[in-house]
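Taking it in order: structure first as structure tokens, then the write-up.
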Amino acid sequence: MSCLVVVAAVASAAAAAGLSARFNADLHGSTTPFHADIVTKCFGSSHAATALTADWQAQLAKVRREIGSEYVRFHGLLDDDMSVVLPARRMPHADMTSAAQVSHDRVVGANVGKKNGTCVFQAGVDYHDPAGPVVTVGSKEECCAACYSTPTGLPQPCVVAVYAPGPGNSGGKCYLKLSSTQPLNNTGVTSCLTNRRGPRGFMYSWVNIFRVFDFLVSIGMKPVVELSFMPSLLATDPTLTGFWYNGGHSAPKDWDDWQDFMGALAQALVERYGLTEVESWYFEVWNEPNCGFYDTAPCCGPTCGNHTAYTELFVHTFKAIKAAVPSLRVGGPATAQLGWLDTFIEAATAQGAVPDFVTSHLYPTDPFVNHTRQGFAQAIAGAADTVAATAAKLKITRPPLLITEFNCGLGQNCADHQFAGSFVAHQAVNAQATAGQIPFESYWTFSDIFEEQGQQPSEFSQAFGAQSIHGVPKPVYRAMQLLLYFGMHFMSWSRLCGKDSNSRRLCDLFFFLFSPLNTDCVISFLCPLLRGEHFGG
């Protein structure tokens, strides 16, 4: 009965508007699964530092409650305004009575480097470096092991340890050193020289990253960990920045330092949140390297950017994370306009870094998209086919394709209007054809709390969000709620036909959805009109 009421109501509305309407639906027909969550599972966001604010957190918690989104993605996790890489400072000298008393310092971060290894023993040689802790050991071999396994309280690991035996060689002290550049003669001691590197002049602080991710975990959400942008202390050119918040777009000046950084981050996340949790996250390397955001002059498109430079970044990042925690998922290239998908998979695979997933972005206003009603969906389906064909050619497992940015369009002032709702509902229907290849398409963004060009002051400023800056839901937000409300099965449907005197096409009544919980069905009447200027007639 409820289905007939909705049909009648919509038909009456169409008639009042002077539009003809005819319905043909078999309400007893077979159904197929409908994955509405493809367009609701993940949202984009303003840069990471805004995730530390109470209003951002309140709006995301609302999205989680009312739409059920599982993931959120943002730029700038590694930016200077997140205080992740800081100038090194020396900690006070610590005299530990036992190695068991040394605890890991979560504020500064885990030591980086091999946890176990061999030492070159040098009798009568000491090293000038009083910064490291002191532990009690029974032999020079134990001192060597302590150098590899004992946290120093700094991001730099122990590089060399000096063993001073006790009376009668019954045990002694092991002095952990962070540098091997200043050897000293000292009879009666033995140095234990590792194969690690010395100090690098910077330290890590995971405090703000933990604050953001602690919140996400607390509300049952997960991050798409976009590994961007470049901390200034690691950058080849710290002046190469973009956006209002000056995210660094330079390549790293030292690949060993970058790999240490990535490995330390992966280890710190697993230590805090557990392996099972972090294995469910996605680690996406960078953002739009073909749109002026990495080591290149401004240019945006499938043929733009420095492909070779990005591949180098991806391979180093991939191998560093896999060396630290092999089971974590690492992917890219996070390109604009579906660029580089085949060439990225080929180049990364050739260097032993087969991506666990592939990512890219698309907006219906992008230049190469066929600007018809189905053009956007066709472009995404074509990208999924490209990924599948490339994987088959290389004889690797087909990686899933994640569309980590999309919305109703750039530069056409649609975000605050009903068109955004109709667009996302229309794409939800089209996405069913690629559900097995594309787990989700992430709407950019969940809120107008957004600072790429500075925070806009007005409540409705055509910013990208599904909510205004004070949390007022926009049509696209309500459309996503309706999509989830209608159920998880898809029935046969037909279009409403007709045009009014202004040649405006009545929007599809999109689909009949059959609820798995009862026998009622409803029609998703999510928009009044699709205007020709949006989809070409």
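The aromatic ring centroids of Trp56 and Phe446 lie less than 6.0 Å from each other. For Phe43 and Trp444, the ring centers are positioned 6.0 Å apart or more. For an aromatic pair to be called close, the ring centres must be under 6.0 Å apart, and His361 with Trp340 fails this. Ring centers of Tyr363 and Phe406: at least 6.0 Å apart, outside the cut-off. Side-chain rings of Trp255 and His316 approach one another, their centers coming within less than 6.0 Å. Taking the six-membered ring for Trp and the full ring otherwise, the centers of Trp281 and Phe213 sit less than 6.0 Å from each other. For Phe344 and Phe314, the ring centers sit closer than 6.0 Å to each other.
By the side chain to side chain donor-acceptor pair (under 3.5 Å) test, Thr343 pairs with His307, sequence neighbours left out. Annotation: side chain to side chain donor-acceptor pair (under 3.5 Å) contacts of His249 (sequence neighbours excluded): none. For the side chain to side chain donor-acceptor pair (under 3.5 Å) test, residues two or more places apart in sequence or in another chain that qualify with Glu441 are Gln427. Applying the side chain to side chain donor-acceptor pair (under 3.5 Å) test to Ser228 and every residue at least two apart in sequence or in another chain returns Glu226. Partners of Glu70 according to the salt bridge (Lys or Arg N to Asp or Glu O under 4.0 Å) rule, which considers only residues two or more places apart in sequence or in another chain, do not exist here. With sequence neighbours excluded, no residue forms a disulfide (SG to SG under 2.5 Å) with Cys42.
Side chain to side chain, Tyr310 and Asn290 fail the donor-acceptor criterion of an N or O pair below 3.5 Å. Side-chain contact, Asn430 with Arg373: no donor N or O sits under 3.5 Å from an acceptor N or O. Looking only at atom types and distance, the side chain of Glu284 has a donor-acceptor partner in the side chain of Thr359 under 3.5 Å away.
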side-chain hydrogen bond (donor to acceptor under 3.5 Å, both in side chains), that's the test. Do Ser447 and Gln467 meet it? Break it down for me. CA-CA 5 Å; Ser447 173; Gln467 302 173 84; 5.5 Å; no
Candidate pair Tyr282 and Tyr71, rule ring-ring contact (aromatic ring centres under 6.0 Å, His included), full reasoning: CA-CA 9 Å; Tyr282 295 92; Tyr71 289 89; 5.4 Å; yes
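Smallest separation of non-hydrogen atoms from Leu338 and Ala379: CD1-O, 3.4 Å. Pairing each heavy atom of Pro289 with each of Ala334, the nearest pair is CD-O, 3.8 Å.
A cation-pi arrangement, defined by a distance under 6.0 Å to the six-membered ring centre and an angle within 45 degrees of its axis, is present between Arg272 and Phe210. Under a cutoff of 6.0 Å and an axis angle of 45°, Lys62 and Tyr477 form a cation-pi pair.
Although no hydrogens or angles enter the test, the distance criterion places no donor-acceptor pair under 3.5 Å between the side chain of Gln337 and the main chain of Leu362. Proximity of a side-chain donor or acceptor of Thr236 to a complementary backbone N or O of Pro252 within less than 3.5 Å is detected. At distances below 3.5 Å, not a single donor-acceptor pair connects side-chain atoms of Asp366 with backbone N or O atoms of Val369.
A salt bridge between Asp342 and Lys393 is absent, with no side-chain N of the basic residue lying under 4.0 Å from a carboxylate O of the acidic one.
Test Asn287, Val212, Val225, Val224 against Phe74 for side chain to side chain contact (heavy atoms under 4.5 Å, CB included) and you get one pass: Val212.
Ring pair Trp258/Phe261 is perpendicular by interplanar angle, where above 60° counts as perpendicular and below 30° as parallel.
Cys299 has its SG atom within less than 2.5 Å of the SG atom of Cys304.
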